[in-house]
There are 2 protein chains.
Amino acid sequence: MRLFRRDGYDRTTMRAIAAEAGVSVGNAYYYFGSKEHLIQAFYDRMQDEHADAAADVLERETAFDARLRGVLEVWLDVAAPSHEFAGQFFKNAADPRSPLSPFSAESAPARAASTGLYARVVEGTDLKLAPNVRRELPELLWLLQMGVVLFWVYDDSPEQLRSRELVTRIVPVVDRIVRMSRLPLVRGLVDDVLGLVAALRG
Amino acid sequence: MRLFRRDGYDRTTMRAIAAEAGVSVGNAYYYFGSKEHLIQAFYDRMQDEHADAAADVLERETAFDARLRGVLEVWLDVAAPSHEFAGQFFKNAADPRSPLSPFSAESAPARAASTGLYARVVEGTDLKLAPNVRRELPELLWLLQMGVVLFWVYDDSPEQLRSRELVTRIVPVVDRIVRMSRLPLVRGLVDDVLGLVAALRG
DNA sequence: CAATCTCCTTGAACGTGTTCAAAAATGGGA
DNA sequence: TCCCATTTTTGAACACGTTCAAGGAGATTG
């Protein structure tokens with residue numbers, strides 16, 4: 001991770017990693033199937049840090065919008081030091097066949113942990129929701145986070161301020177949509193969307 | 001392109017491409033800066049094919065939902081033969097720094113052509129829209145297409161039938177949202193979203 | 001103690017994308 | 001026809017990720 005952050009993913013060679021770790025190149029491959037697999041550790045650690053920081057937010061906030069904004073902002077905090085590196089990492093994760101893809105079978109545990117986090121975002125609030133909305137909302141919020149991550153990866157503004165702005169502006173919109181979801185006019189629409197999500201899952 | 005389709009992106013070597021073309025490896029690099037750059041030709045051709053096929057649809061259909069569905073379905077038609085290959089290609093396009101990224105400066109002309117296509121989807125219809133919605137809708141529909149592409153890339157169902165289902169089910173939802181956008185209740189929400197998009201563009 | 005087995009470690013070797021100095025072809029003027 | 005500048009072409013060489021046969025280290029068994 002030290003070398004990745006210092007030199008970037010592409011410029012860090014397996015030979016350099018092995019030398020830094022004091023082992024041979026072949027030995028690195030005995031413990032990690034490929035260079036990509038080395039990233040999984042990084043990915044997991046970031047997820048853990050996020051879960052910790054998010055727990056603080058969820059203890060502090062009770063309103064749905066504050067909880068959601070807090071959890072998303074805390075992701076930006078945790079990810080900030082790795083922005084440059086993560087851009088290159090994302091390239092590999094975007095390969096549909098890669099185990100690092102957020103939709104892969106290998107990522108299922110991480111995905112479950114993340115949707116669990118958003119389940120807690122929803123749980124502790126005063127939101128009145130239809131049962132089907134309550135069931136699907138955590139996964140939709142996870143998708144929202146994926147969107148934020150995607151935006152953040154492409155964000156070349158100083159200190160990723162645009163990503164900050166995205167979060168602060170999109171959270172009220174989400175909040176309003178969720179609260180409107182029980183209105184007669186909107187309800188049919190929401191049911192359609194939920195049906196669509198359920199049908200295309202997996 | 002013949003080799004890419006037959007053997008996939010990774011398994012097609014620059015040496016094989018050069019041999020097939022009857023030139024040396026170095027000569028291939030005289031005309032194409034890298035293996036990635038070879039894809040740009042493929043990308044451009046697919047876009048042209050899509051524009052042609054979409055023009056037929058737009059001549060035939062007049063209702064907004066039919067036009068949108070037709071244009072999206074025609075994209076699936078054009079892309080279908082390259083599904084396996086395009087998955088690997090997408091990995092490279094997902095690199096934020098790659099000129100192949102759909103958000104890169106190099107892709108600006110292609111992006112403009114695509115949003116222009118969706119401007120025509122909107123134009124020829126009976127939709128009554130607020131000015132700001134009419135202005136932003138083409139770009140939002142292009143984003144919708146990017147979403148469909150993303151889904152399609154990850155779609156491993158036979159003949160990408162799930163992607164077909166996504167299109168047939170999401171188009172009515174979009175149609176309803178667009179038509180609802182003038183309702184007093186929804187209008188404020190729509191304005192927020194459009195403001196967000198405008199603020200974060202570029 | 002010896003024999004054997006499993007786990008761990010090594011570094012040379014392979015195939016890859018890419019580079020580059022050198023050679024070849026081209027084309028226009030003297 | 002010859003010369004020279006430019007464009008084009010070549011293939012060996014480089015650095016990289018990855019593989020693998022070979023051997024070493026430790027534990028277990030007879």
Side-chain angles (χ1 to χ4, degrees), chain A residues 1-45 82 84-102 104-107 153, chain B residues 1-45 82 84-102 104-107 153:
Chain A
M1 288 310 134
R2 191 160 60 242
L3 297 184
F4 277 150
R5 277 208 232 252
R6 198 188 63 195
D7 302 329
Y9 180 73
D10 286 335
R11 276 196 304 279
T12 302
T13 70
M14 289 300 287
R15 285 163 181 82
I17 292 169
E20 182 87 357
V23 299
S24 69
V25 184
N27 193 233
Y29 279 91
Y30 184 78
Y31 289 100
F32 298 90
S34 72
K35 194 179 175 186
E36 281 193 16
H37 280 78
L38 283 167
I39 305 185
Q40 193 74 47
F42 174 82
Y43 191 86
D44 292 345
R45 185 183 309 177
S82 321
E84 199 172 352
F85 162 59
Q88 302 185 26
F89 151 70
F90 178 76
K91 168 184 171 179
N92 296 68
D95 184 351
R97 281 202 262 278
S98 166
L100 295 175
S101 153
S104 74
E106 283 89 341
S107 297
V153 164
Chain B
M1 287 312 133
R2 190 161 60 244
L3 296 184
F4 277 149
R5 278 208 232 254
R6 197 188 63 196
D7 303 328
Y9 181 73
D10 285 336
R11 276 197 305 280
T12 301
T13 70
M14 288 300 286
R15 285 162 181 80
I17 292 169
E20 183 88 357
V23 298
S24 69
V25 185
N27 194 234
Y29 279 91
Y30 184 77
Y31 289 100
F32 298 91
S34 73
K35 194 180 177 186
E36 279 192 18
H37 281 79
L38 282 167
I39 306 184
Q40 192 73 46
F42 174 81
Y43 190 87
D44 293 345
R45 186 183 308 176
S82 322
E84 199 170 352
F85 161 59
Q88 302 186 25
F89 151 69
F90 178 76
K91 167 184 171 180
N92 297 67
D95 184 351
R97 281 201 263 278
S98 166
L100 295 175
S101 153
S104 73
E106 283 88 342
S107 296
V153 163

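Chain naming here is simple, since letters A, B, ... match the order of the sequence lines and numbering starts at 1 in each. As the structure is a computational prediction, the values presented were derived from the model and not from experiment.
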No-H, no-angle donor-acceptor pair, B/Arg15 side chain to C/dG15 base, under 3.5 Å | no
Do side-chain atoms of A/Arg11 reach the backbone of A/Asp7 as a donor and acceptor pair under 3.5 angstrom?
-> yes
Answer yes or no: is there a side-chain heavy-atom contact under 4.5 Å between B/Phe4 and B/Leu38?
-> yes
For the pair B/Tyr9 and B/Phe85, name the ring-plane relationship: parallel under 30°, tilted 30 to 60°, perpendicular over 60°.
-> tilted
Is the cationic atom of B/Lys35 (NZ for Lys, CZ for Arg) positioned less than 6.0 Å from the six-membered ring centroid of B/Tyr29 and within 45 degrees of its normal?
-> no
Check whether any side-chain N or O of B/Tyr30 sits under 4.0 Å from OP1 or OP2 of D/dT8, and answer yes or no.
-> yes
From A/Tyr43 atom OH to A/Glu36 atom CD, the distance as rounded to the nearest 0.5 Å | 13.0 Å
Mind checking B/Val23 for me? I need base, sugar-phosphate or nothing, with any heavy atom below 4.0 Å counting as a touch.
-> sugar-phosphate
Note: for A/Arg11 and A/Asn27 on DNA chain D, the residue whose nearest nucleotide lies more 5' is A/Arg11
Spacing of CZ belonging to B/Arg45 relative to CE belonging to B/Met1, to within rounding of 0.5 Å = 6.5 Å
Protein-nucleic acid N or O pairs under 3.5 Å, nucleotides 24-27 of chain C:
none

Can you name the nearest heavy-atom pair linking A/Thr12 to A/Leu3, along with the distance?
-> OG1-O, 3.2 Å
Name the closest nucleotide to the B/Met14 side chain, picking from C/dT10, C/dT18, D/dT18.
-> C/dT18
Global bending angle along the helix from C/dC1-D/dG30 to C/dA30-D/dT1, which compares the axes of five pairs at either end, to 10 degrees | 30°
Which listed nucleotide (C/dT16, D/dG17, C/dT18) is nearest to the side chain of B/Thr13?
-> C/dT16
With a 4.0 Å cut-off on heavy atoms, is A/Tyr31 in touch with a base, just the backbone sugar-phosphate, or nothing at all?
-> sugar-phosphate
Which residue lies toward the 5' end of DNA chain C, B/Gly26 or B/Lys35, if each is placed at its nearest nucleotide?
-> B/Lys35
